[in-house]
**Student:** 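My questions all concern the structure below.
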Amino acid sequence: MAAMETRRVRPELRDFEPYVAGRSIDEIKAKYNLHSVIKMASNENPLGTSPVVQKVIRDNVPLAFRYAQAGNPLLRSALAGYLGVVDAECLVCGNGSDEIIDLLIRVLARPGKDNIVAFDPCFSIYKVQAKLCGVEFRQVALDDNFHFPWDALLAKADERTKIIFVTNPDNPSGYAVPVTDLVDLASRIPEDALLVVDEAYIDFADPLEEYSMLPVFRKMTNVVLLRTFSKLFGLAGLRLGYGIMPPWLADYLMRSRLPFSVNILAEKAGIAAVQDEIFIAKTRETVLRGRRDLTQGMQAAGCTVYPSQANFLLVRPPMDPAIICERLLRKGIIIRGLGSYGLDAFFRVSVGNEEENRIFLGAITEVLNG
Ligand SMILES: *Cc1c(COP(=O)(O)O)cnc(C)c1O
């Protein structure tokens, strides 16, 4: 029966698997009968949701019956003010940057004709949305140490390539390239292609000036930047992200998007979050310090830890990561195995707050020492 009904579904969707997310706290509490669980699996903000933003969300709850203002003009101008170097007409907000990825593909790439190029492994949403749109998705293997082989990437692109995705800093490695590399890449891609640089983790790069493309954005004609409120701003569950792009492209995305995908509480929260300088600074400080402490602690426990410019670390432990993940779960700690990325020998751990990092390091040291 199921097989027969499957014939109704578009063939390109038949092998789809649901997105593999980090395990949730409630799921693990129930399964292992635990009172408290630490989640270091989904690169969320280790400080939680800013108290200032929480108050704004609470204060706006009575507005939940209203539609948000179409096109989110207040949020876009608050963002333009925060970013400082781009106009509001270059900004498109979405239900997470996932929505912007989806819109870019649907606005730019013709099903069955055009193609999209990215590295392998890469953020799974690029691939899933391309396939859903019936657009060919070409991938180029990363170098052994997770660095970017630019020439191989360019060799895959042709006159039918509409988008080249690069994640900087990269997920799941944390590796980042300097902005000069990306400016050079943009000058070498085919004429009809756009370079989409996913800067979901850019705020954790150190020093920021060396890595962010934002300061040079105005000089580029074929570059789109993706940003999110899910990491630095601690609003992953509210779903808010945005793209920075040439005005002509922003205009097409605004015309084709669903009008109310950014909900009214996300909009108010976003406006408050970009003005919350204390929380932003504290988050950055916590992540940079935690990244250093976790790196040293795991190295001392015998792990290979890859240099990271993000709020997580890619780790190659001296033991099967599946066993480590399972033993940590029993102790109430969730990290991310990377089987879904094809990286069976590695795990990824998000930087937690000071206490979480200490508990995690104690637990993994115990697991690795038998
Ligand atoms: C987390 C993440 C995002 C953000 O996605 P949202 O939809 O904004 O939550 C985007 N790109 C990458 C590579 C990420 O890891």
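Whatever order the structure lists them in is the order used to number ligands and atoms, beginning at 1.
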**Student:** side-chain hydrogen bond (donor to acceptor under 3.5 Å, both in side chains): which pairs involve residues 177-206, sequence neighbours left out?
**Tutor:**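 Residue pairs passing side-chain hydrogen bond (donor to acceptor under 3.5 Å, both in side chains), neighbours aside: Asn43-Tyr201, Tyr126-Asp198, Trp150-Asp181, Asp151-Arg188, Glu199-Arg227, Tyr201-Lys231.
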**Student:** If you group Ile, Leu, Val, Met, Phe, Trp and Tyr by side-chain heavy-atom gaps below 4.5 Å, do Leu108 and Leu226 land in one group?
**Tutor:**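 Yes, it is one cluster - the side chains of Leu108 and Leu226 are joined through contacts under 4.5 Å.
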**Student:** So, Tyr341 versus Phe123, ring centres under 6.0 angstrom or not?
**Tutor:**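 When the ring centroids of Tyr341 and Phe123 are compared, they turn out to be at least 6.0 Å apart.
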**Student:** Same cluster for Val349 and Phe204 if Ile/Leu/Val/Met/Phe/Trp/Tyr side chains link at under 4.5 Å?
**Tutor:**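 Hydrophobic grouping puts Val349 apart from Phe204.
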**Student:** Report yes or no: is the cationic atom of Arg316 (NZ for Lys, CZ for Arg) closer than 6.0 Å to the six-membered ring centre of Phe346, at no more than 45° off its axis?
**Tutor:**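 Here Arg316 passes the 6.0 Å and 45° test against Phe346.
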**Student:** What's the separation between atom CE in Met213 and atom NZ in Lys219, rounded to the nearest 0.5 Å?
**Tutor:**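 Met213 atom CE to Lys219 atom NZ measures 10.0 Å (nearest 0.5 Å).
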**Student:** Anything with a heavy atom under 4.0 Å from ligand 1 counts, so go ahead and list those protein residues by chain and number.
**Tutor:**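 Ligand 1 pocket, heavy atoms under 4.0 Å: Gly96, Ser97, Asp98, Phe123, Thr167, Asn171, Asp198, Ala200, Tyr201, Thr228, Ser230, Lys231, Arg239.
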